[in-house]
Q: 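The following block contains the structure, expressed as structure tokens.
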Amino acid sequence: MSTAAESAPRSDNGVGNYQLFCFCALFALGLILLQRGLGRWFLFPITVGLVPVFFRWRIGPLLFLGALATTLFATGSRVPGIPGWRPPPTAPLNDLLLSATVLAYVAGHYRLQGLAHFIFPRDPRRLPAAPAKRGLTVPPQRSPGLATPTEWVLLLLSLPVWAGLALFGSPWLIPAPDEQRLFEVETLRSSELMEQVVGLTQLFLNGVWRCRLLVWFLGAGLLLVSGLLGYLAWGRLSAAEAILYLQDTTWAESRREQRLLQSWLVRARRRREG
Amino acid sequence: MKQDRFILHPSSFILPKMVTTRGWWFLAISTLVLLLGVLSINATLAVVGLTLVLWFLGQALLFAFRIRLLRGHLLVERELHDERGRVDNLWAGRTFEVHVTVRLDSILTLPHVAIADWVPLGVEHVDGERRGDGFLNAETPLHLAYRIRCPAVGRVRFEGVRIHLADLQGFFFHGTFLPALVSLRVLPVLTDAEGQAATSKRHNLLPPPGVHRLRRPGSGSELLDLRDYLPGDPPKTIAWKVSARRDRLITRVYESEVPLRCTLFVDTSSSVRLGPAGSNALARLIGIATAAAQANTAGRDLTGLCLVDEQCASVIRPARTPRHLVQLLQKLADVANLAPTTGKAPVNTLLPLAHAFAEEIYPYLLRPEVNRVPFWLPWLWPFPAAGQRTSPAGFVGQRLFWLLAFLPFAGLVLLTAYGIDLAYRSSPWPVLVPGLLLFLAQVVGMGLLYWWLMRGVRSALSMLFAPGTRRLARWRKQLAAIVSARYGLAPGGLAALLEDDERCSLLLQRFLAEHDVPYPLPFYDEQGRYLFSSPGKVEVLANALSAAVGKGHDNELFVLLVDLLELDEHLGPLLRSVQVALARHHQVMFVCPWPPGVPLPPRSFELLPHPKTGTAGTSPGAPQEQRAAGLIPAVRTTPRAALLPALEEAATNRFHAAFHRLRQLFARMGVPVVCAAEGEAVRLILDRLERMRMLGRRR
């Protein structure tokens with residue numbers, strides 16, 4: 001068998017290369033976290049990210065994201081509504097680099113999984129033995145030789161784009177200190193349990209209110225794109241599909257009458273046959 | 001050889017169907033990070049979360065657009081090679097190399113594509129890789145090469161290539177099938193020494209190839225008779241010595257020298273199609289017919305072919321050219337892997353098989369966008385509406401349900417009666433409608449409504465505890481739609497297949513048989529009658545034989561390769577046609593396919609031209625003796641298996657008796673009957689053919 005990559009330049013050790021890629025991303029991330037003044041806290045996400053790359057754990061990216069989120073939350077968040085609250089200082093360039101390195105690590109690790117474990121999901125259907133023997137199971141993972149340097153270059157080039165977009169959109173999510181909120185939370189320090197619950201709910205609703213733009217944007221965008229692509233798909237049905245669709249529509253419109261008619265015909269035939 | 005342009009079939013709604021579990025987990029965690037950042041007003045965390053979410057959505061959009069923009073740009077090419085180059089026909093028993101190329105006719109690139117070729121069910125994979133992966137663009141196609149071997153004559157269908165597309169992270173996935181159908185004939189292998197006719201010299205003078213002596217006056221070289229001279233006879237034919245002895249002019253009469261026409265009548269009815277393709281009775285008959293045709297062609301005899309089944313006969317007139325031989329072989333290959341069909345096969349047995357196959361080969365026709373199954377359909381509209389057979393437990397359950405359902409209705413009726421009575425008693429106005437009439441009208445109306453309601457409740461209740469039945473109903477609707485569209489039924493075809501079990505079963509069998517998928521069939525109907533005796537073929541065969549006799553010349557040989565076992569009471573028309581053929585001085589011989597696994601009939605009967613009467617059970621070579629000789633496995637001694645040998649023995653005796661009766665029947669007319677058993681060499685049968693031709697010639 002020869003595959004597509006035969007005629008293209010290949011690196012035979014795609015797994016090792018992507019491991020190296022992830023290590024580099026983690027190194028850069030460590031430097032950025034140190035520059036942010038996290039002190040020894042920077043070791044936590046780096047370690048959590050390092051071990052799964054070394055052992056090729058599939059849960060690695062999720063663990064890493066969890067560790068990073070915990071670290072950033074613990075060191076940089078303030079609870080609004082508490083007297084004396086002020087938003088933490090932000091450095092846009094630092095955020096941009098941090099996001100880009102996180103994305104580099106996550107993308108590299110998932111690509112590593114595609115090479116080391118699987119890239120296609122398992123087929124949930126319980127097939128009979130015969131078709132399985134026919135060789136209809138495709139290779140579940142990428143051949144290691146298929147990972148070319150072009151992939152890395154494209155990935156590296158795309159990193160600042162996504163991070164930049166996120167940085168551009170973040171002001172709509174994070175309010176300015178003087179921005180009016182949906183609820184003014186005054187009761188969070190109260191000793192009454194009920195008042196604390198109300199306060200937390202108000203906090204949550206404030207957050208949701210801030211996310212309204214994101215939700216609208218994503219929801220409307222998804223619906224629009226989905227509708228557009230669906231319409232394109234209808235316009236390009238093959239002949240067999242179109243016939244099937246028309247037949248299905250006819251049946252759906254007249255299934256009651258057809259059912260009645262056909263059941264009579266069957267009964268009549270059976271009576272004829274005795 | 002074949003280049004098909006394929007259209008990808010993505011779903012109209014993007015995300016839920018193309019995102020993998022890995023993708024869903026990543027999206028969930030990224031969204032959580034984003035929400036945490038937003039809720040805690042942590043700009044860094046929000047930016048990181050937003051970056052991940054935007055990147056994911058961007059990848060999703062890119063993947064969806066890739067799939068849609070590449071519609072109609074995927075090409076599949078398939079070529080089959082042998083050691084000399086590309087081939088358009090395959091040969092049984094030989095090895096061929098398959099080359100499959102998947103090309104992308106677009107400037108876009110698919111980052112990761114995995115393909116797997118569908119190897120037909122009738123061929124064996126020898127070596128080579130049938131699966132491959134890589135990226136795909138205009139310059140870099142994906143290529144597979146492997147070798148196959150075709151064990152049996154017939155047709156092989158290369159349906160196409162399974163293709164899976166994914167992004168490099170494994171977040172998105174699209175799997176489908178590229179239908180690139182290539183159907184090739186597997187021709188019978190050309191015989192060498194085995195298929196050649198016997199060349200032992202039986203006469204002092206052998207006519208040239210393709211010419212045979214016929215004992216009728218003609219212009220041959222062998223003396224047939226002497227007769228008195230008639231005016232006009234050529235002088236060179238006068239036998240002078242004999243004339244001198246008898247003192248009158250005597251003329252020599254010579255034999256005719258004519259070509260021998262051999263017509264092979266091959267049975268292709270369901271009775272010979274039973275069993276695995278390639279090792280059933282039909283394959284055996286085709287093997288014999290092929291060898292006979294080749295041997296005839298090698299001897300420059302003319303060979304014709306007539307394929308007979310229950311409905312019709314397909315005839316190829318005798319000829320002797322190599323092109324004609326290839327035409328015969330192609331015709332035989334076309335019918336070699338026909339599958340048996342019966343309308344009595346239960347639909348529910350065929351549905352899982354057909355649906356699993358359709359999921360593999362026609363996934364784009366099972367999409368809900370074009371082949372929708374309403375969710376309520378299996379619950380409220382079980383298929384078919386008419387004549388559903390219920391089990392005894394179901395029968396009792398139904399009665400119990402209606403009994404229980406009657407109790408609330410009775411209460412309702414009493415309440416109605418009470419209400420009407422109360423209303424009539426307390427009404428200040430004169431009564432216009434009699435109370436009884438009003439009561440009856442209300443009860444009838446309520447009863448109909450209640451009955452209709454309870455029917456729905458009963459159907460839903462019975463479906464509630466039968467997930468398998470619901471699944472089968474869904475599959476049946478989807479497959480009925482596919483089959484109805486495929487075989488061009490009228491717009492009402494879908495509804496007809498949902499209601500008519502027999503029709504649905506026949507079309508599902510046709511669908512499976514077309515794709516060479518083996519399927520189980522019952523041998524006997526509910527009354528215990530054998531379903532595959534195919535008595536209809538006798539009439540068709542008799543008509544075909546009569547037509548061949550009507551168009552025949554001198555010296556025709558009709559070889560009937562037909563399964564007529566246990567059809568004694570239907571043989572009348574055929575016997576009459578055979579008598580007509582014999583009366584016209586043609587030769588008829590009969591080759592009976594023998595069921596695989598059944599011991600051969602006793603030898604002592606086989607070569608007797610006029611067998612004596614006797615029963616197979618008591619004849620020499622009966623199963624008891626064959627078992628003693630080791631031909632049949634010894635009787636198993638376990639109690640549970642004790643019945644099996646007895647059944648085998650009974651079946652064997654039945655076959656032997658049927659064969660004996662058949663042979664007796666034809667022997668009365670001087671028609672030899674040969675048993676085409678599984679292990680018997682083709683050479684032996686050809687030898688017999690030759691010998692019988694000689695026997696016929698001396699008559």
Side-chain angles (χ1 to χ4, degrees), chain A residues 1-5 7 62 65 69 72-73 76-77 80 87 90 95 99 102-103 110-111 114 119-121 127-128 131 134-136 138-139 142-143 146 162-163 165-167 169-170 173-174 207 210-211 226 229-230 232-233 236 238 241 243-245 247-248 250-251 258-259 262-263 266-267, chain B residues 7 10 12-14 20-21 29 33 36 38-48 50-51 54-55 64 68 71 112 114 116 118-119 129-136 140 142-144 162 164 166 168-170 173 356 360 365 370-372 385-387 481 485 491-492 494-496 499-500:
Chain A
M1 184 213 71
S2 64
T3 58
S7 54
L62 302 184
L65 285 178
L72 290 177
F73 179 77
S77 300
T90 56
D95 288 349
S99 303
V102 170
L103 183 57
Y110 276 124
R111 291 184 181 194
I119 192 165
F120 296 117
L127 293 172
R134 294 289 98 192
L136 270 188
V138 298
R142 292 179 75 197
S143 306
L146 290 173
W162 299 112
L165 276 176
L167 199 66
S170 62
L173 300 175
I174 305 296
R210 279 197 301 278
C211 290
S226 168
L229 292 179
L232 284 176
R236 298 187 176 192
S238 65
E241 285 175 304
I243 290 171
L244 209 59
Y245 173 73
Q247 179 187 255
D248 220 46
T250 312
W251 175 75
Q258 287 193 45
R259 177 180 163 93
Q262 295 297 340
S263 61
V266 172
R267 281 198 187 98
Chain B
I7 297 176
S12 60
F13 190 65
I14 318 165
T20 61
T21 315
I29 297 295
V33 171
L36 188 67
V38 170
L39 292 177
S40 64
I41 317 186
N42 186 329
T44 307
L45 208 50
V47 169
V48 169
L50 193 58
T51 305
L54 285 178
W55 175 64
R68 277 156 183 80
R71 283 185 153 217
H112 185 66
W118 171 269
V119 181
E129 193 57 73
R130 291 170 295 173
R131 312 183 307 169
D133 65 336
F135 59 89
L136 195 59
T140 321
L142 281 176
H143 183 69
L144 300 177
R162 179 104 197 149
H164 284 195
L168 292 178
Q169 287 75 233
F173 159 77
E360 281 297 332
L365 297 181
V370 294
N371 196 351
R372 199 167 67 88
L494 172 55
E499 295 303 322
D500 194 339

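Predicted model only: the values in this text are computed from it and were never measured. Below, chains carry the letters A, B, ... as their sequence lines are ordered, and counting in each starts from 1. Keep in mind that the numbers below use all heavy atoms, side chains included, and drop hydrogens, waters and symmetry copies.
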Q: Measure across B:Pro491 and A:Thr250 and return the closest heavy-atom pair with its distance rounded to 0.1 Å.
A: CB-CG2, 4.4 Å

Q: Which residues satisfy the side-chain contact (heavy atoms from CB on, under 4.5 Å) test with A:Ala163, sequence neighbours excluded?
A: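 Here the qualifying residues are A:Leu96, A:Ser99, A:Ala100, B:Thr51.
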
Q: Sort B:Thr20 into side chain, backbone, both or neither according to what part of it lies under 4.5 angstrom from a heavy atom of chain A.
A: side chain

Q: Quick one: CG on A:Leu146 to CG on B:Asp133, what's the gap to the nearest 0.5 Å?
A: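 Taking CG in A:Leu146 and CG in B:Asp133, the distance rounds to 5.0 Å.
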
Q: For a quick test of reading the model, state the closest non-hydrogen atom pair linking B:Val33 to A:Ala69 and the distance between them.
A: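 Taking every non-hydrogen atom into account, CG2-CB, 4.1 Å.
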
Q: Could you report the tightest heavy-atom contact between B:Ala496 and A:Gln262, atom names first, then the distance?
A: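 Residues B:Ala496 and A:Gln262, closest heavy atoms: CB-OE1, 3.4 Å.
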
Q: Answer whether the closest heavy-atom distance between the side chains of B:Leu168 and A:Arg142 falls below 4.5 Å.
A: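 Result yes, sub-4.5 Å side-chain heavy-atom pair found.
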
Q: Do B:Asn371 side-chain atoms and A:Leu244 backbone N/O form a donor-acceptor pair below 3.5 Å?
A: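 Checked: no pair found.
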
Q: For a 4.5 angstrom cut-off between non-hydrogen side-chain atoms, does A:Asp248 reach B:Leu494?
A: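 Sidechains of B:Leu494 and A:Asp248: in contact.
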
Q: For the residue pair A:Ile119 and B:Ala166, what are the closest heavy atoms and their distance?
A: CG1-CB, 4.1 Å

Q: Using the test side chain to side chain donor-acceptor pair (under 3.5 Å), find all partners of B:Gln169 that sit at least two apart in sequence or belong to another chain.
A: A:Arg111, B:Asp167

Q: How long is the gap from CG on B:Leu54 to CG on A:Leu167, to the nearest 0.5 Å?
A: 11.5 Å

Q: Counting distance only, does the side-chain N/O of A:Asp95 pair as donor-acceptor with the main-chain N or O of B:Val47 below 3.5 Å?
A: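 Looks like no, no N/O pair under 3.5 Å.
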
Q: Please check if the side chain of A:Gln247 supplies one atom and the backbone of B:Ala481 the other of a donor-acceptor pair under 3.5 Å.
A: yes

Q: Is B:Ala46 close to chain A through its backbone or its side chain, or both, or neither, when contacts mean heavy atoms under 4.5 Å?
A: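 Side chain only.
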
Q: What residue in A:Val102, A:Leu65, A:Leu165 has the most heavy-atom pairs under 4.5 Å with chain B?
A: A:Leu65

Q: So which atom in A:Ser263 and which in B:Glu499 form the shortest heavy-atom distance, rounded to 0.1 Å?
A: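 The pair with the smallest heavy-atom distance is CB-OE1, 4.0 Å.
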
Q: Give me the atom names and distance for the closest heavy-atom approach of B:His112 to A:Phe120.
A: CD2-CZ, 3.6 Å

